[in-house]
Structure formats: C-alpha cells, structure tokens
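Accompanying notes for the structure given below.
Just so it is clear, the values below take in all heavy atoms, side chains as well, and ignore hydrogens, waters and symmetry mates. Note that ligands are numbered from 1 as they come in the structure, with each ligand's atoms numbered from 1 the same way.
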Amino acid sequence: MSKRTLNEIANAIIGGYRGVLAADESTATIGKRFAMFGVDNNEENRRAYRELLVTTKDAADHVGGVIFCEETLGQRTKDGRTFIELLQEEGVAAGIKVDKGIQPMPFAPGESITEGLDGLRQRLDGYAKRGVEFAKWRAVIDIAPGLPSDLCLRANAEALARYAALCQEAGIVPIVAPEVLMDGDHGLDRCYEISRHTLAFVFEALYEHRVALEGILLKPNMVIPGKKARDQSTTEDIADATVRLMKQSVPPAVPGIVFLSGGQSEAEATANLNAINVRHKNLPWKLSFSYGRALQQSALRAWSGKAANVQAGQSAFALRAKLNALAARGAYSPAMEP
Ligand code: 5MM
C-alpha cells in the first residue's frame, strides 16, 4: 500500500466532521485528572483507561485521530494488541505527543518554553516505522500584566516550527499547538490580541522553516475570556471572535483547525465549536476539535477506576465524541445534553 501524503493524512483525520481525541496526558497530568475521582495513578490504571477510550464502539465515526503519550504507545490492550494496531483497524490515525513539556524561560520571569527538540529526528523516525501518522507539540503562553513578551512568543514559535519541519521530513503530520491559556482575569479582547500576536509569530516561523502548510493541523485556543474574568462572553461572541482571529491569522492552505478545550466544561466546548460552525460558513479550513478534558471528563467520572464501570465510561465518551462531531458540522443543540 502506498503511503498517504501529509495532506491526505491531515484530511483523513478531520474528514467526515471527525476530530481528535487528546489522550496524551503525561503521567503527572493524568495523575491530577485521576485524583479528582480517587483513581490511583499507576501504570495499569493508565493503560486500562486508555484501553477504555480506544475500544469505545463507534467512536471511530467521530474521532479520526488519537494522540498518545510515549507510555501508551508501548502498551497493549488486554487481548495483546498494541494501541496503534487497534486504531489502524478502525481507520483512525495514531498520534504521539513529542514535546518534553514546558520549562521556565531564562531571563523571562513568568514565562515558559517547550523543550524536546534534541534527538527528535531519531525519535520521529522510530515512531513513523511503528505506524504513527501525526504528532503534537504544545507551546504554552500565559497572559499576565505585561506578558507575554515577544521573546517568549518568538522562541516558542521557533521551536514549534523546527518540530513541524522535522515531522514533515519524517512523513508525519505535525499538529502545531500554540495555547494561550485561559487562566487569569483578562477579557475576550485581550485574549484576541495575544492570540493574534502568537499566531503571527507561529506562521512566520513556519514559513521560515519551509513547513508545507497543506501538511499541518493547527491546534489553537478559542478566543475566550480568562476563567476569572468579571465579564464572561456569550457563545456567539466567542465564536465570532475566534473565527475573526482565524481569518486574520491562518492561511487557507492549512487543511484544518482543531481547537483545544483548555479548561472549558464539556458542554461549553461543544457549544462554542457548534456556534463557530453554525455562524460561519464557506471557510477555507475545516473547524473541528482536539479536546482532552472536554472529551474525557464525564467518561473518567463514570469509570472512576472500576472495571465494572468500563461500559458506563465508554457510553459517556461515545456521547461526547458524537456531540462534538455534530458541533463540527454545526448540528449540535444543548437539548442533546444528558
Ligand atoms: C492543551 O491541552 C491539550 C488539549 O487538552 P484540553 O482540551 O484539555 O485543553 C492536551 O493535548 C494536553 O497537551 C495534554 O493533556 C498533555 O498535557 P501535558 O501537560 O501532560 O503534557
């Protein structure tokens, strides 16, 4: 079988109004999620939980790609299949988070830089041989008084672009994920302004590094007020500001924009994506989801680490996957919520 081009892989992941499941939480992050429901953060629980997600019946109709962390890639389902094999049988692309997390940026108080470029070419070659078709690298941008600095934005954009170029060289689609955090009390306009600035640096760096935009997926934040903002915006305002930002910032060659949920509730993340697609038609890119928390919260709650609850967890995950795929085509309604 001939290998798919980068553009074919990207389009297959988001084709049919599907989106991406971000199940790539590092051990520390999944530990925080497990702790909310009293689940022990051990290797078997992490494996069992990821197996619950990827063996959910019919999820492949709504999810075209799953991002794992390194540990999950080396694990197997109870019946001995690797997670990559399992996804391939379902026509779902396997992805891997390749960044090594964030570190404080030197001489830039309060800001962070994502690490993980050393040895990345070799790691990507190994992943490609195992059947991984896409990757993810996340830059984290904090909004605070006087922040972010151009230094932080430029350094993170440069790292994202170097990662993306290495991925494409290895035949892997890079998900480029610059995340402007929704922590803090800033309003919608400030989020817009900082996200605009961030994306300008990112696309300049992608150009400099000769990254083919047809072969990436962009995973940005929506334009949304900080969690502690006094004035919370309407779904319609969030949708309009987000699409305005994308029009200003993202060239039409990019096949798809898969938003992160970033701490929105499950219902909010679905409603916002739906409003984006209801209110804005004939856009050059597909607008879908690459959610972590907003696809998993109710599944994790229903499962709570108990084998007897696997089916309940899968039903909860299947529902979120379906509702978000409906939102990707603008066909969701809050009345569909349980
Ligand atoms: C931004 O976070 C990504 C999407 O998740 P949300 O929809 O919950 O925001 C997610 O892929 C994230 O990058 C992973 O959970 C990995 O996080 P860590 O910090 O463990 O690398």
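Counting only heavy atoms from C-beta outward, the side chains of Asp150 and His197 approach each other to under 4.5 Å.
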Practice item. Give the intermediate values and the outcome of side chain to side chain donor-acceptor pair (under 3.5 Å) for residues Asn11 and Asn7. Key: CA-CA 6 Å; Asn11 275 315; Asn7 181 253; 3.2 Å; yes
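Ranking protein heavy atoms by distance to atom 15 (O) of ligand 1, first place goes to Glu25 CG, 3.5 Å. In this structure, the protein non-hydrogen atom closest to atom 9 (O) of ligand 1 is Gly262 N, 2.8 Å. With hydrogens left out, the protein atom closest to atom 21 (O) of ligand 1 is Lys97 NZ, 2.8 Å, a heavy atom. Of all protein heavy atoms, the one lying nearest to atom 4 (C) of ligand 1 is Lys219 NZ, 3.4 Å. Remark: minimum distance from atom 14 (C) of ligand 1 to any protein heavy atom is reached at Asp24 OD1, 3.3 Å. At the shortest separation from atom 2 (O) of ligand 1 among protein heavy atoms lies Arg138 NE, 3.8 Å.
Using a distance-only test at 3.5 Å, with no hydrogens or angles considered, no donor-acceptor pair links the side chain of Glu179 to the main chain of Gly262. Side-chain N or O atoms of Thr242 include one that pairs as donor or acceptor with a backbone N or O of Val223 at under 3.5 Å. Tyr17 places no side-chain N or O within donor-acceptor distance of the main-chain N or O of Ala327, the cut-off being under 3.5 Å. Not one N or O on the side chain of Glu169 forms a donor-acceptor pair closer than 3.5 Å with the backbone of Ala164. Side-chain atoms of Ser249 do not come within 3.5 Å of backbone N or O of Met246 as any donor-acceptor pair. Without hydrogens or angle criteria, Gln103 side chain to Thr114 main chain gives no donor-acceptor distance under 3.5 Å.
If you number the atoms of ligand 1 from 1 as listed, the ones under 4.0 Å from a heavy atom of Tyr291 come out as 7 (O). Set against the non-hydrogen atoms of Ala22, the atoms of ligand 1 under 4.0 Å away are 11 (O). Close approach of ligand 1 to Ser26 (heavy-atom distance below 4.0 Å) involves ligand atoms 18 (P), 20 (O). Every atom of ligand 1 with a heavy atom of Thr29 under 4.0 Å away is listed here by number and element: 18 (P), 19 (O), 20 (O). For ligand 1, the atoms closer than 4.0 angstrom to any heavy atom of Ser261 are 6 (P), 7 (O), 8 (O), 9 (O).
Note: an N/O pair closer than 3.5 Å links Gly292 and ligand 1 by distance alone. Taking distance alone, with nitrogen or oxygen atoms compared against 3.5 Å, Asp99 stays at or beyond that limit from ligand 1.
A centroid separation of less than 6.0 Å is found between the aromatic rings of Tyr49 and Phe34.
Relative to the ring axis of Phe83, Arg76 does not place its NZ or CZ within 45° and under 6.0 Å from the centre.
Closest to atom 13 (O) of ligand 1 by heavy atom, among Lys32, Lys136, Glu179, is Lys136.
For Gln296, the closest heavy-atom approach to ligand 1 does not fall below 4.0 Å.
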